[in-house]
Structure formats: C-alpha cells, structure tokens
Amino acid sequence: MKQTAQHLAPIIVALVLVAFGVIGLLAMHSPRDRNREITVVLKSTNPEMEFWQIVRAGIDTAAREYNVSPSIVGPWLERDIEDQIRIFEEVIEERPDGVVLAASDYEALSPLADRARDAGIRIVTIDSGLRTDAASSFIATDNVLAGRKAGERIARLVGPTGTIALISHIREVATAIDRERGVREAFAQAAAEGEVLGTWFTDNVVERAYEHAMRLMEEEESIDGIVAMNELTTIGAARAIRDAGMAGRIRFVGFDHSSEEIALLEEGVIDALVVQKPFNMGYLGVTTLLDVLAGKRVEPEIDTGAVLVDRENLFTPENQRLLFPFADNR
Amino acid sequence: MRSVQSAMLLAFSVLVLLTVIIMGLVAYTLAEDSLVQTARDYTAQLISQARQGIDTYIDHMQDISEVVVRNASVKSLARDGSGDKANVEALLSSIQQTRDDISLMLILDSQLQPVFHNSELELNPAVEPARQEWYRRALEAHGRSVISSARVQNIVRDRYPWVITLSRTIDAGSEAVFVIDLNFRVIEEMIERVELGRRGYIFVLDEDGELVFHPQQQLIYGNLRSERIEEVMQVGQGSFKITVNDDPMLYTVDRSERTGWRIVGVNYVDELLHNRQAMQWYYALWALVCFAAVILISVILASQISRPLRALRESMRAVEEGNFALRLENRWHNEIGDLANDFNLMLDTIDRLIRENEREQEAKRISELRALQNQITPHFLYNTLDSIIWMADAKRFEDVIEMTSALARLLRLSIRQGDELVTVSDEIEHVASYLQIQCIRYRDNLDYSIDVEPGTTGHRTLKVLLQPIVENAIYHGLRERDGDGHVAIRCYTNEECLVFEVEDNGVGIDRERAVQLLEEDAGTDEAERRPASVGLRNVHERVRLYYGSDFGVSFETCSAGGTRVRITQPLVGASQGVLQHV
C-alpha cells in the first residue's frame, strides 16, 4: 500500500498541476466582455433629421470603439409619441441588457421605463429626460447653461441698458423652460439695467416666430435684441429681421444649427448660435450605458455642453466639425 | 531520509518546469514579436497605400490646375479680365464633369469676379474672397499650388461642402486665382476603406499638426478623447507603441511629401494578436503536456532505478539476518546489474569463507579432542610407572606383576585406535584396572567399589573418562587423609542420560574451587602447571565438546564429607557413535 501511494503521489501532483493550469487558462479564456445587447430608442430615425443623424454617428463611433452592435430604433417623426411608446414596448419585450432612450415625452414614457427597469433592463436617457428615476444617467445639454451662453452674448451685443425679447418654441417644455431661465439669469447679471420685454411662444412653427418677431420690431421701438430658443423659432425670427432690413440693428442670438441658420449667420442676420453637441450625446449614451452594465458608477447627469458660434469662429476646425459633421454634403 | 526516487522526481520536475516555462515564454515572446512585426509591416503597407492614394488625388488636382492655368482663355481672363468667359466656363465644366471627386472649380480674376464650372453657382455674398486663407496663401506662393487642410468651403452661396482646396495664382505676380476643390468625402472613403481590425483606425494630420481627419474628431474637440498628436509629430515617419489604460496601441506614421500630411494608423495590439489567446492556450497546453509527460517519464525512470535498489537493499537485509544462501536474481544489464553481480560474488565469497571456517573449526576441534585424549596417557603413565618404580624399589614384586598386568590391561583398552567411543564395560574395566594399580600403590589406605547398573554396560561412552576423575579423587581427596580412603564408582541411567559417579570420602571440595577447576581454560599455561587438575578439566571439556555444553562434569560435596563427581552424558546406543555437530 505504502509503495503504491509513493508511486502515485507524483502522478497525482502532476495531474493536479495540469488541472490547475487548465482551470487557470479557462478562467483567463472566459470572455472579458460578454457581448451585451443594447438597443437605442431615438426620437426620430428620419435621415433628414440632422440632429438625430449626428446622434447616430456618435452611437456608431462608440459601438465601433467598444465592439458592440446596438440596434437603433425609433419613430419616423419626432412628434410621434405614440409610435415611440409602441416601439419602446417592443424593445422591452426583447429584453436587451440595456437601452439608450431619447424620450419624446417627459411623462408618457416614464411608466414604460419603470417597467423596463423592473425587468432588469438598464436605462440611460439622452437629450430629453423622464419624470421617473428609472434611468441610471441622463446625458443631455445642460439647457440652463446653454441659455446662459445666449443670455451673456445678447447682453454684450445690446449693452447694459439694452432691451430684449425672447421667442420660445413650446410653453412647459423642459428645453424651453431651462433655456429661458438661463437666458434671463445671465442677461440680468450682465445687463443690470437691461429689460426683457417678455417671452413669446410659437408652438414650434416657423411662421409664428416670423410673425412674433415682425410684430415686436414694429411695435416695440425700444427693442435691441431677440433671443430665439430653438432651430425653427431661430429661422422664423431671423427671416423676419432680414426681411425687415433690421440685420445688424436688431441683435439676434439663436439656438441650434442648420444650413439656413449658418447662411443667416454668415449674412450677419444672426449674431450667434448656441450649438449643442448631439454627437457627444450618442457617444456618451452608449459608453455610459456600457459602464452601467459593467457595474461602474456613473454620474446621474452628464452635460454634453454647448458652444456659442459666431462669424469669427464659424470655420475653426472644431466648429467646422460641429456644424458640418458629415463630409458628404448632406 | 529522502528516497532516490523522490529526489530524482523533484529534481526532474523543477528542472523541467523551469525549462518548460522559460522555453514557453521565449517561444511565445518570439511568436508574439513576429506577429506584431508582421502586423506592423502590414499596417505600414496599408498606411503607405492610403498616403499614395491621397497623393494621387492631389497630383490629379495639380495636373488639372496645370491644364487650366496654361489655357489661353484663362490666361487672358486672368491678365486683364478680357477673354471669353463662356469658353473658360466650358473648360472648367468639361473637366469637372469627367471627375465626380471635384466639387468646385473657380477662377477669380484680378477684380475678384468669379467664373464657376457651373453658371448656376454664385458667390456667397457674406464671404469676402480676399480674406480667405486659400486666397491669401495662393498670392504668397507666387504661382505655386497651395493645398489646404480639410475644410468647409463656404465660397458658394448655400453650399458648405467639406473639401480640400488647391489654389494658385494663374500667373506668378497676378492676383487672379484658380481654385479647385476636391470632395473630402473621397479622401474619407479611401481612409475608411482601410481596415485596421475592428477597433483600429486611421487619422490624418496636416503639416501643423491640426487634424485633417479623425473618425472621432468630435470627441477630441469635445475633450472626450485625446490623440497622441505630439508623439506623431515627433516621429514623422515610422511607428511607435503607446499604452493607454492597459491597452497597448501601435501607431504607424507615414508622411506625405506632397502635402506634408501625416497619415497615422492606429492598431490595437490585442487585435493584432487576435489569436493571442489561442496562442497562449497552445503554448500553455503544450507546456503542461510536456510537464506531465516528463513527470510520468521520471516516475517510471526513478522507479526503474529505485526498484532494483530496493530489491538489493531487501536482499542485504536478509543477508544481515543470516541468510547467506540467498542470491539476487539479476535482470538488469546496467550498473545496478553489475552491483547485483558483485553482491552475489560477495555472498559467494562469504559463503565459501563461512564453510572454510566451519571446516577449520571442525578440524581444530577434532585435533583438540585427540590432543586431550593423548594428554592423558603421559600423565597416567607417569603416575603408574612412578608407582611401579616405587614398588620395585620396595621389592614388592608380586605387586609389581599385578600392577604391570593391570597397566597392560589399561593400555590395551586405551590404545585401541580409531574409535573415540568405547562400551561402558570397557571403560569400567579400564578404571577398575587403574584403581587396581592405585590400590597397590596405596596398599590398605585405599579401597574402591564399582556399581554398574546392569543395563548400561552396552552403552557407549568416551574412553578414559573415569580414570582422570578417580585420579583426581585420590590425589586431592584421599591422599591428604590418613588411610582408609574409599572410592565408589557408580554407573546408572537417569532420564535418557548416562551418569557416572565417582565418590570419595576425602576432604571434599568447595563450590568455588570446583567451578574454578572446570572453567579454567584448557591448555593454558596455568593448567599445565597444575597437572592434577588437568585430567579433570580434560574430561569435562571432552564431554562438552563431544556431546554439547548441556553435558559435562559436576561436583557435589557429600553430606558425610568427601566429593561426589558426576559425569552426565547422553545415552548412546551400541550402534551409534557418529560425531555430531555441536
């Protein structure tokens, strides 16, 4: 017996060593990054919607960098809230590991988000948030800060005693409220003796903005400047200023960027544009969600930042990339 | 104590483990290096191709610009604004239509009046051409071509394409400028076609280190990502390795002489070694297999060596315990076999020596025995002849005759050659003759009695046993008394033993003296000096030599005084008498 044990001992040792080696290798071999299922729900998948195409470019960049293949879904038009709800429900049925959500409606998507969270799906919201706290992180432009940039600039343009009017898109929409707050705060600080005539809402219709701007220029003799709160109100108000021949006399700061806005900026109708960074929203949406899935701590709110673009810095390398994100002339 | 087997095993294991690990690491490192080198070469090739592709486009633009500035209509337009604008436009248009990578061709005459390749295009009213960088640099270059970085061209109303702009004055010294825009998308596509793994990418820097193209340009501008621009600018051409967040990356830089741009390929080393894990597996498994195989082989080898050694050791132990007849079965044809052979030879020698020793001992014993028997004769003869001389001296002739005939009888019995053993009756006759002689010598001072158990007479006994005892009794027992000494001789059997008793009525003997008498070494000088006791000890030793140490002579002091000497020996029948081994 003792003899046998003596013979077997080294063989057993060898086998144990081999076993340890194999286990070690297996542990090493186990995939470090399990392929995570990610779905992105956007407000619009319409290729004409440049903002969301830039978001997609950011998503694609992150996906490539982190070797994931997110499926990107969403309604055709941004205002199709019902459509987005239906799509989000379908996504929840598929039980992905995580969802990047750009919510079309602050209220309507909240119950769904809660359901998704209860189903173990991690959520990161981009661009627009939710009432519920189901999302691990909210990645968007800090609209108060963006508004402050516009407010500071208009104050500098009209001087400390200037009078301005605000043209906004929709009452009680978060972006409108936050931006207006930012503008008013910054203007009050920078132009202590200035005056804000008021805020006019356009329901996000270009013509309404045009009309408001025209009427303001006709009726308010003291007006020195206008701030418009999003792309369509900016275009409407700018066209009014151009048509009234008041370019350069009514100082004007708008939001967002489109070819028309840039042309108006070059023409001198628009003095400055506050430009968001949708690419960063897409990119950070995906990377933050991956961090959440990897169990890392993430910031509950991430500001993607906004840039104030004027004629001077319109064609700096940074702003060229920001304002003209695609080389193929779209 | 560690066994040879485990010592060998340990040594082998450590040695092999070290060898396997070192060799494995070296081989793995070499393989990895070669993989990286291959990937590096391959990347360099790809980057170089991309650079050549870009250069080719720039060359084309250059060629086109040559064609345009040499055109007579263009020259006259540039010189004084005269010439056929339609003709120039047709030229530009025809060139532009052949190439879809040209997004714009424009001639600004010295009054900054434009001629586009397409008459529908008009200048962006918000842009002053003279303030544009491409215009200023063209003037400064005096007729040579100036190539811009990637930029958004805003010279045309409502159009903001990404382009690379080549601009030059049409005549050196003239302020008329020719502009040709290459659609940057063409360059981008060319760069994006180059696959550097799934995560690898290419970026382009201009002469000043500004990004011309980067797939993550927005991230870089947004400070969400950094790029190793400084390092790239230092390298100029070649490759270097950088590790960011434990992620080693290989930068391959190729600089274009034409544009001064640097095309930079970034590979993730992990991806270059996409089969690195497979390789690690491969090497590790082989190392393990080798290790296990060696352990197995060394177990077998060690047991090959230790098993015969153990067999050898066990044999030696058996030999230690006295088994000299044992021989090793020799199955081994190596040093161990030699050792076993030598061991067997040694055992042979030991065996032979033992036998020789036994034979020698036997011979010595027999010769000693003879010597002891022979020793008796001179003593007795001396004593008897002494008596005869003494009687002849006293003229007791009858006694002399009687004694001499008794002596003759005595000698007849004792000189009988060959046999060590005689019958009890012969031995009794012998001692009777002796006593007869002694009685004559001591006259009436000595008498004797002999009492033999009838059945014992046929048994065999060593010859000349009783006579030395009797002699001793007479000398040491009776001679010191004044007359009426008596010697009684008895012979009887007792529990398979034949017992002779010689009893005297002398002074007796104390126990110490008796033991001393018997135990003094035979044949020592001291014994020689005390002839009287020599005979007694001879008897004792002969009995013991012949029959074994269980037998021999014993003393006993009688209650009435005197000494009883008892010789005990085994019963030996008439036919027996073979010398036994002690």
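What you see is a predicted model; the values in this text were computed from it and never measured. Atoms considered below: every heavy atom in the structure, side chains included; atoms not considered: hydrogens, waters and symmetry mates. Throughout, a chain's letter reflects where its sequence line sits, starting with A, and its residues are numbered from 1.
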Quiz question: by atom type and distance under 3.5 Å, do the side chains of Gln216(B) and Glu65(A) form a donor-acceptor pair?
yes
Part of Leu224(B) within contact of chain A (heavy atom distance under 4.5 Å)
side chain
Give the C-alpha distance, both sets of side-chain angles, the deciding distance and a yes or no for side chain to side chain contact (heavy atoms under 4.5 Å, CB included) between Phe252(A) and Thr234(A).
CA-CA 9 Å; Phe252(A) 183 56; Thr234(A) 301; 3.7 Å; yes
Strictly below 4.0 Å, N to O, side chains only: are Arg185(B) and Glu192(B) in salt-bridge contact?
yes
Check ion pair Arg153(A)-Asp310(A) (N to O, under 4.0 angstrom):
yes
What part of Leu284(A) gets within 4.5 angstrom of chain B, counting heavy atoms only: side chain, backbone, both, or neither?
side chain
Is it true that Arg36(A) and Asp97(A) make a salt bridge, defined as a side-chain N closer than 4.0 Å to a carboxylate O?
no
Please look at Pro215(B) and chain A and tell me whether the side chain, the backbone, both or neither of the residue comes under 4.5 angstrom of a heavy atom of that chain.
backbone
Tell me, out of Glu266(A), Glu267(A), Lys277(A), who's got the most heavy-atom pairs with chain B below 4.5 Å.
Glu266(A)
Chain A heavy atoms under 4.5 Å from Val127(B): which part of the residue, side chain, backbone, both or neither?
side chain
